[in-house]
Amino acid sequence: MANTWPPNDCDLISAGDTAWILVSCALVLLMTPGLAFFYGGLVHRTSVLTIIMQCFISMGVTSIVWVVIGFSLAFGEDAGGVIGSPASYALLTNLDGCTPSGYPMASGNGSIPGILFAGYQMMFAIIAPALITGAFADRVRFKAYLLFIVLWLILVYCPFVHWVWSPNGFLGVWGVKDFAGGIVVHISAGFAALASIFVVGPRQYASDEDRQRMQVPHNRTFVALGTGLLWFGWFGFNGGSALASNGQASFALVNSSLAASVAMVTWMFIEWAHIGKPTLIGSCIGAIAGLATITPAAGFVRPWAGVLIGFVTAFGCYGCVQLRDILKWDDALDVWGVHGMGGLFGTLMLGFLADEEIGGQDRSGLFFGKQLAACVGTAIYSFVVSYVLLLLVNIVTPIVPDASEVAMGLDVSLHGEQAYDDEPIDLSKSSPNQWDTYGNSSAYEGTMPAANRAVPVAVPAQQTQAYPAPPLPSQFAPPQHTQPVPLSAVDQHAHAAFSGRPTVQLQTHPTVQFHSGYNQPMAAAPGFPY
């Protein structure tokens, strides 16, 4: 391999390969919103916006870090195979539409533009720190999270990328294989997640009853939607990692879907036998475990091996989830058991399932040994460095919210908003001066337009329900009402049925009711709950 930069020659660019990686970029980016829905459905309703925000903000923060320094550290020219030079591609310089993805990005002259390669790899970087958030759900302040992911990307993720995927990275040169991120994404994020739960500690509850209530997934349909988006996006995650529209990409795509399918069904039957019922959430988690585990092997094995990986994954990751529960590690959404250990299992199984005709790497004892050493070394590195980074971040700014913030719900206490307006804000749980007499948070006072601030609404002492609505243009605005419209008994039953909750009698409200977010009550049609 000649260590020379590729020529600027549009004739080296393949239109077919470029088109496939362009599509794969979009597919991989879609995985992060999918992850947000997946995680958001699993947490309590009072912290759903917090975890969705943590996932979405990674798209912004990580993109900036990647363009400024991350891509250069991961794929820039290096010395000793340890890290790339920050000057190689600072602000994505030295790249244009006719510069193929050759040295120092990849071996030889690639068939896609280097700028596209940088963009595609950026999508991987975006989802990696977002994966970690599921472990410390309900326990990390937003400011601390932002600082942590910047440091983690620079000191953990980018070095992993360089070691494994850069043509001069020492693990790649040694012979370690990771097709699409079993080591780089899943082991790195999974063991960083494990480190985080030891730093932030377990969630605190007032009672066992409170613990059970807070840990029940609040929206299982979100979990199913997130699983579907992740599965769909994973075709670009694994299939696109061939960096070409070819047979290897085809094997990767088929193997990914097979492993997810087999893991989903196997997990369902394991859970059925274990707890007596097959659940939607269990099946979805099984599918994600299968996708995570096949990732390092997707373009190196035949479909029968993908089926075997999916089957073994279900038992291995399910066992890790149970072990985590026995050890009382509060990994809220099982990031370590599903992603960390899933990536590790897949990387190890590649050692004795690889097929040279598929990806140019054959199975052997020596190859398995290299895979094992890489798994152990990278897991330890990610755990230790992530642990130290979190301790340092905690010195700069407190990581864990205080008890009053947790009791109020992190959506309200950290972000000043709530996902669902059908529950009034419980002011009794707030800290002194956190909320004013109108239900507005002092944390964001002055940033919300006055027209949208909450105002008190006088309500007669009877069974009533308020219907807040966003401000509309004057020509479309409904008639103004100074009081919410009373609900009839039929309306109460319809409202309960619509929301999927048991039908109960509405309690008499105090004489003042607070609206959160908007101050225009709107009349509801008779007999309709909204």
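- Summarising the geometry, atom CG belonging to L258 is positioned 10.0 Å from atom CG belonging to L253; distances are rounded to the nearest 0.5 Å.
- Between the side chains of H44 and H218, no donor-acceptor pair of N or O atoms lies under 3.5 Å.
- The CG atom of N238 lies 3.5 Å from the OG atom of S256; values are rounded to the nearest 0.5 Å.
- Residues V65 and I69 meet the side-chain proximity criterion, which asks for heavy atoms closer than 4.5 Å.
- For the residue pair A332 and A137, the shortest heavy atom distance occurs at CB-CB, 3.9 Å.
- Shortest non-hydrogen contact noted between C375 and I187 is SG-CD1, 3.9 Å.
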Going through the distances and angles, do S257 and W231 end up as a side-chain contact (heavy atoms from CB on, under 4.5 Å)? CA-CA 8 Å; S257 198; W231 196 328; 3.5 Å; yes
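- A donor-acceptor distance shorter than 3.5 angstrom exists from the side chain of T313 to the backbone of I309, with no hydrogens or angles considered.
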Between F124 and V184, does a side-chain contact (heavy atoms from CB on, under 4.5 Å) hold up when you go through it step by step? CA-CA 9 Å; F124 282 69; V184 172; over 6 Å; no
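- For the pair Q204 (side chain) and P202 (backbone), a donor-acceptor distance under 3.5 Å is present.
- For the atom pair CD1 of I399 and CG of L147, the computed distance is 9.0 Å after rounding to the nearest 0.5 Å.
- By the 4.5 Å heavy-atom criterion applied to side chains, W234 and L229 are not counted as neighbours.
- By the 4.5 Å heavy-atom criterion applied to side chains, V321 and W267 are counted as neighbours.
- W329 has its ring centre less than 6.0 Å from the ring centre of F198.
- Residues F222 and G41 come closest through the heavy atom pair CB-CA, 3.6 Å.
- When every heavy atom of G239 is checked against every heavy atom of A252, the shortest pair comes out as CA-CB, 4.1 Å.
- Remark: the backbone N or O of G181 is not paired with any side-chain donor or acceptor of T295 at under 3.5 angstrom.
- Checked against salt bridge (Lys or Arg N to Asp or Glu O under 4.0 Å), D334 has the following partners two or more places apart in sequence or in another chain: R324.
- Listed here is the closest heavy atom pair of A192 and S382: N-OG, 3.5 Å.
- Judged by distance alone, the side chain of T266 and the main-chain N or O of A263 form no donor-acceptor pair under 3.5 Å.
- Distance alone, capped at 3.5 Å, is enough to place a donor-acceptor pair between the D178 side chain and the G182 backbone.
- One side chain, T50 or D411, offers a donor N or O that lies under 3.5 Å from an acceptor on the other.
- Looking at Y39, its side chain does come within 3.5 Å of a backbone N or O of L131 through a donor-acceptor pair.
- In this structure the side chain of T347 never reaches within 4.5 angstrom of the side chain of T293, judged on heavy atoms.
- Here the shortest heavy-atom pairing between A224 and L280 reads CB-CD2, 4.1 Å.
- Taking the centre of each ring, Y381 and F160 come in below the 6.0 Å mark.
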Could you walk me through whether V400 and V140 pass the side-chain contact (heavy atoms from CB on, under 4.5 Å) check? CA-CA 5 Å; V400 181; V140 171; over 6 Å; no
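- For S386 and W152, the side-chain atoms include at least one donor-acceptor pair closer than 3.5 Å.
- Between the side chain of S241 and the main chain of F237, a donor-acceptor pair closer than 3.5 Å is present.
- No side-chain N or O of T279 forms a donor-acceptor pair with one of W272 less than 3.5 Å apart.
- For the pair C320 and F315, the minimum side-chain heavy-atom distance is 4.5 Å or more.
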Apply the test side-chain contact (heavy atoms from CB on, under 4.5 Å) to residues M214 and R203: give CA-CA distance (whole Å), side-chain angles for both, the deciding distance (0.1 Å), then the verdict. CA-CA 10 Å; M214 293 296 292; R203 290 165 288 182; over 6 Å; no
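- In this structure, CG in L27 is found 11.0 Å from CG in L22, a value given to the nearest 0.5 Å.
- To the nearest 0.5 angstrom, L392 atom CG is 11.0 Å from F148 atom CZ.
- Taking the charged nitrogens against the carboxylate oxygens, R141 and E405 do have a contact shorter than 4.0 Å, which makes a salt bridge.
- Under the 4.5 Å side-chain criterion, counting only non-hydrogen atoms from C-beta, V48 is not in contact with N219.
- Side-chain contact between T32 and F56 is absent, with no heavy atoms from C-beta onward closer than 4.5 Å.
- For the atom pair D331 CG and I197 CD1, the distance stands at 5.0 Å (nearest 0.5 Å).
- Although no hydrogens or angles enter the test, the distance criterion places no donor-acceptor pair under 3.5 Å between the side chain of S47 and the main chain of V43.
- Looking at heavy atoms from C-beta onward, S188 lies out of side-chain contact with F383 at the 4.5 angstrom threshold.
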